[in-house]
Amino acid sequence: ALPIYTYQYNGGFIFDERLHALGQSNRQLAQILMADNDVMCYADGAEPKSIAEIASYGVNICGAKKGPGSVEFGIKFIQDQKISVTARSVNIIKAYRNYSFILDKATGKPTKTPHHDFSDPMDAIRYSMTPFFFVDGPKVVAAKAAALPRHTISFSSIGREVTDPF
């Protein structure tokens, strides 16, 4: 897993990769996350068993809601924000520099579907934005500004091993 700490600051967001926890068991990941148990953690909603296991260790965690259009909406939402990334966040920086979309074979133009390469940090960033928009059936809707968290932790790739390309 790649925990990404997200902070609201000065009208924008700061993304901070404090550690790269590849190869950690869910129990080990829970121990890491317990150090910041006063914040909400968001994980890949497609991993409910891993989320339940991590929650059973006392971590405040939920799955990021997904639905039709949520990836595209999340990407556009993030593109519209003032974003800063800490210098130690090398995987986030590499992902931002290399993130791309699949090209349409007929036209050669980018589609709305991102390549999987370098997507884990970007997915985690999208998950951290879960409080700012939500999936409402077939629609993705922006959330109201009231009661939004100032600090979240998010990550992707729980419950599966990821090959580190770095």
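Quick note: numbers below take in every heavy atom, side chains included, and nothing from hydrogens, waters or symmetry partners.
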When rounded to the nearest 0.5 angstrom, what distance separates [atom1] in [X] from [atom2] in [Y]?
{"X": "T111", "Y": "E72", "atom1": "OG1", "atom2": "CD", "answer": "10.0 Å"}
{"X": "S128", "Y": "Q8", "atom1": "OG", "atom2": "CD", "answer": "10.0 Å"}
{"X": "N60", "Y": "Y42", "atom1": "CG", "atom2": "OH", "answer": "8.0 Å"}
{"X": "M122", "Y": "Y96", "atom1": "CE", "atom2": "OH", "answer": "4.5 Å"}
{"X": "N10", "Y": "K82", "atom1": "CG", "atom2": "NZ", "answer": "4.5 Å"}
{"X": "I92", "Y": "D120", "atom1": "CD1", "atom2": "CG", "answer": "12.0 Å"}

- request: With sequence neighbours left out, write down each residue that passes side chain to side chain donor-acceptor pair (under 3.5 Å) with Y57, or none if nothing qualifies.
  value: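 Partners of Y57 by the side chain to side chain donor-acceptor pair (under 3.5 Å) criterion, ordered by chain and then number, come out as E53.
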
message: The criterion is side chain to side chain donor-acceptor pair (under 3.5 Å); which residues satisfy it with Q28, sequence neighbours excluded?
response: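 With neighbours one apart ignored, the set is S25.
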
- prompt: Who are the salt bridge (charged side-chain N to carboxylate O under 4.0 Å, His left out) partners of R88, not counting sequence neighbours?
  reply: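 Salt bridge (charged side-chain N to carboxylate O under 4.0 Å, His left out) check on R88 returns D16.
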
task: Heavy atoms only: give me the nearest G63-I51 pair and the separation to one decimal.
output: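 Scanning both residues completely, I find the closest heavy atoms to be CA-CD1, 3.5 Å.
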
- request: Please report the shortest heavy-atom distance between I61 and M40, naming the atom on each side.
  value: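 Residues I61 and M40, closest heavy atoms: C-CE, 3.5 Å.
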
Could you check whether any side-chain heavy atom of [X] comes within less than 4.5 Å of a side-chain heavy atom of [Y], counting everything from C-beta outward?
{"X": "V85", "Y": "E17", "answer": "no"}
{"X": "F15", "Y": "S89", "answer": "no"}
{"X": "I4", "Y": "I125", "answer": "yes"}
{"X": "Y99", "Y": "P114", "answer": "yes"}
{"X": "V71", "Y": "R126", "answer": "yes"}
{"X": "D117", "Y": "N98", "answer": "no"}
{"X": "L103", "Y": "K109", "answer": "no"}
{"X": "L29", "Y": "I54", "answer": "yes"}

message: Quick check on the hydrophobic clustering: are I78 and F101 connected, directly or via other members, by side-chain heavy-atom contacts under 4.5 Å?
response: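 I78 and F101: one cluster.
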
- prompt: Parallel, tilted or perpendicular for Y7 and Y5, by the 30°/60° rule?
  reply: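 Aromatic pair Y7/Y5 classed parallel.
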
- prompt: Do the side chain of Q81 and the main chain of F77 share a donor and acceptor less than 3.5 angstrom apart?
  reply: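 Yes: the side chain of Q81 pairs with the backbone of F77.
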
query: Checking side-chain contact (heavy atoms from CB on, under 4.5 Å) for the pair T6/I14: CA distance, chi angles, key distance, verdict?
result: CA-CA 6 Å; T6 303; I14 299 172; over 6 Å; no

- request: Give a yes-or-no answer on whether the side chains of N26 and S50 include a donor-acceptor pair shorter than 3.5 Å.
  value: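 Checked: N26/S50 side chains pair up, N/O donor to acceptor below 3.5 Å.
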
